[in-house]
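Numbering of ligands and ligand atoms starts at 1, following listing order.
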Amino acid sequence: MRERSLRRANWYRHVLAVNAPAALACWLTSGGSLTARLKARADAFRVQVLRQRPARCLADEASALGLPRMGNIRGRCWEREVLLRCDNTPVVFAHTVVPMSADAADWPLFSALGERSLGTTLFGDPMVARGPLEYARLRGSHPLARRARAALAAQGIAIPDELLLYARRCLYRRRQGTLLVTEVFLPQVAALVPKTSNSR
Ligand SMILES: C=C(O[C@@H]1C=C(C(=O)O)C=C[C@H]1O)C(=O)O
């Protein structure tokens, strides 16, 4: 039972449940596109794609997507993993999954996104419905915390295993398709401030 709990997080509908530092709470609850909010705080914004490939859903994600679990075999999906960078500093690790059963017409732009932000396709499409945000505090053992740390380590940035990471996730729907975006906010995001027009 303990092993299972290390792989999963408790996801809450209210941000107060995760007791995030104030500097992160405003990011966790920010409405609209995260891409747009980050772009307003950087001279250069970049989506660094780490992987986009077939995979098995994580335990947390399979339940959020309503995918059946046959024992320890979890549903297959397409996963997309990125680092969002502001002025080359990684500030968000994002993990998106689409069930493999999805029809290509459900998310027509997903497979060919490249370094374009997923957000620009989701927030620009009137057919996309956005579900409520959920919040979690990820222990170092959570798969997404491990992946975020590994992604940073590959960039020469070390964060302690014991550092709690704060995350949010949102389920999007389009036609018959579902898509789950999980955003893990890295410590560096707290230092971002809006760019004033004369600072460019
Ligand atoms: C959902 C959004 O898209 C962002 C971009 C992502 C990507 O390109 O993979 C993933 C998560 C988001 O932080 C957004 O901008 O709000």
| Does one side chain, of Tyr166 or Arg137, offer a donor that lies under 3.5 Å from an acceptor on the other? | no

| task | Nearest 0.5 Å please: distance from the OG1 atom of Thr29 over to the NE2 atom of His14. | result | 9.0 Å

| request: Quick one: sort the Trp27 and Phe185 rings into parallel, tilted or perpendicular, breaks at 30° and 60°. | output: tilted

| task | Output yes when a side-chain donor or acceptor of Arg168 lies under 3.5 Å from a complementary backbone atom of Glu183, and no otherwise. | result | no

| When rounded to the nearest 0.5 angstrom, what distance separates CG in Leu152 from CD in Gln188? | 6.0 Å

| task | For Arg80, check salt bridge (Lys or Arg N to Asp or Glu O under 4.0 Å) against everything at least two apart and list the hits. | result | none

For each nitrogen or oxygen atom of ligand 1, which protein N/O atoms lie closer than 3.5 Å, and how far apart are they, rounded to 0.1 Å?
| from | atom 1 | to | atom 2 | distance (Å) |
| --- | --- | --- | --- | --- |
| ligand 1 | 3 (O) | Gly119 | N | 2.9 |
| ligand 1 | 8 (O) | Arg80 | NH2 | 3.0 |
| ligand 1 | 8 (O) | Leu118 | N | 2.8 |
| ligand 1 | 9 (O) | Arg80 | NE | 2.7 |
| ligand 1 | 13 (O) | Glu183 | OE2 | 2.7 |
| ligand 1 | 15 (O) | Ser33 | OG | 2.9 |
| ligand 1 | 15 (O) | Leu34 | N | 3.4 |
| ligand 1 | 15 (O) | Thr35 | N | 2.9 |
| ligand 1 | 15 (O) | Thr35 | OG1 | 2.6 |
| ligand 1 | 16 (O) | Leu34 | N | 2.8 |

